[in-house]
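Since the structure comes first, as structure tokens, the remarks are kept for the end.
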Amino acid sequence: MLEKLDQIERAALTALEAASDTAALEAWRVAHLGRSAPLMTVLGDLGRLSKEERPAIGKRGNAVKRRLEEAYAAKAERLRQAELERAMRAGALDVTLPGRPVARGRLHPATLGLRDIYTIFADMGFQIYRSREVETDAYNFELLNMPPHHPARDNWDTFYTTNPNVILRTHTSPGQIHAMRQFCPEPIRVILPGMCYRYEQITARADIQFYQVEGLAVGHRVTFTDLKGTLSGFARRLFGQQVRTRFRADHFPFTEPSAEMDVECFVCGGKGCPVCKQTGWLEILGCGMVHPTVLRNGGYDPTVFSGFAFGMGPQRITMLKHRIEDIRYFFQNDMRFLEQF
Ligand code: DAH
């Protein structure tokens, strides 16, 4: 019987050696320490042995049982460690790998163009003044020296609402009146950026909605020289220090005298090319000295105050700078266009 116990022990330990995962270990436990394991049969049958045999066999049987239990526990721990290590190796992170790039948003080319302009005028002491996109006929036309039926109104094809007095602004100039009425009688130096709307045929050069940036300076001795200095300084910052500018006489109802400012074509350097239509010059903005009537409509006494104003289409400037051929690209949300900026 003692020999049989030795054999049971040896067989069990050999089998345990072979168990290589937790499933095999569990099978081993059932086979060698379970209720119908050979060892358990021996221990269960102790009562049938003679009084003389029983103590020795019992003692040996219990020793084998303890031995197997300990071996089982040790093996279980080893397997657990091995499995943990395997799992850690499988899920290992290589912290030296480069990160995956995150797709980032970007600013719209129209916004970028506006911000360039803001920066330059901010450096010259101009504040940004926001005014409404939905205007009355009075602000958009009358107070800017265009009474009803004034022929100059034909230059601004207008979107009307069901109320004929309420329109979408056709330019940012009505903001001049808002700013003057707010600040009068203080001096003013503001730019007024924003969206404008015109009821026009959509083409590569004209959209029904577009940005403008208006400028207004009012003070006691603001002169045409201030206007020229401010705007040519602006052009040099935007297009390069060497760029030349020229002012051509023009007409706007809200300024007197009025002018257009051209910059030397930065594509051909003034020699003439398709971008400047062989003229060597690019038309950038309209400007002038604020008309006395407009000053008065803003609350300023034109015998005491004077001012200059200007208005430009920043998208047109962005188009010239980046050789964008069609203004419709701006608001078509085509990623192939937007991602270039
Ligand atoms: N409002 C004009 C337009 O939409 C642009 C303009 C011209 C604005 C001359 C001005 C100015 O302030 O002085 O075409």
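The first residue of the sequence shown is numbered 1, and numbering continues consecutively from there. One-based numbering, in listed order, for ligands and for the atoms of each.
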> Does the gap between the ring centers of F234 and F121 come in under 6.0 Å?
Replying inline: yes
> Is the Y197 to F159 ring centre distance short of 6.0 Å?
Replying inline: no
> Does any donor atom in the side chain of E135 or H178 lie under 3.5 Å from an acceptor atom in the other side chain?
Replying inline: yes
>> Please enumerate all residues that pass ring pair (Phe, Tyr, Trp, His ring centres under 6.0 Å) together with F305, with sequence neighbours excluded.
In response: H220, Y300
> So which pairs with a foot in residues 10-24 pass side-chain hydrogen bond (donor to acceptor under 3.5 Å, both in side chains), sequence neighbours left out?
Replying inline: none
>> Residues around ligand 1, heavy atom under 4.0 Å from any ligand atom, sorted by chain and number. Can you pull those?
In response: W156, H171, S173, Q176, R198, Q212, E214, F252, F254, T255, G286, C287, G288, A309, F310, G311
Report all side-chain donor-acceptor pairs from residues 187-195 shorter than 3.5 Å, counting only partners two or more places apart or in another chain.
unit_1 : atom_1 : unit_2 : atom_2 : d
R189   : NH1    : M124   : O      : 2.8

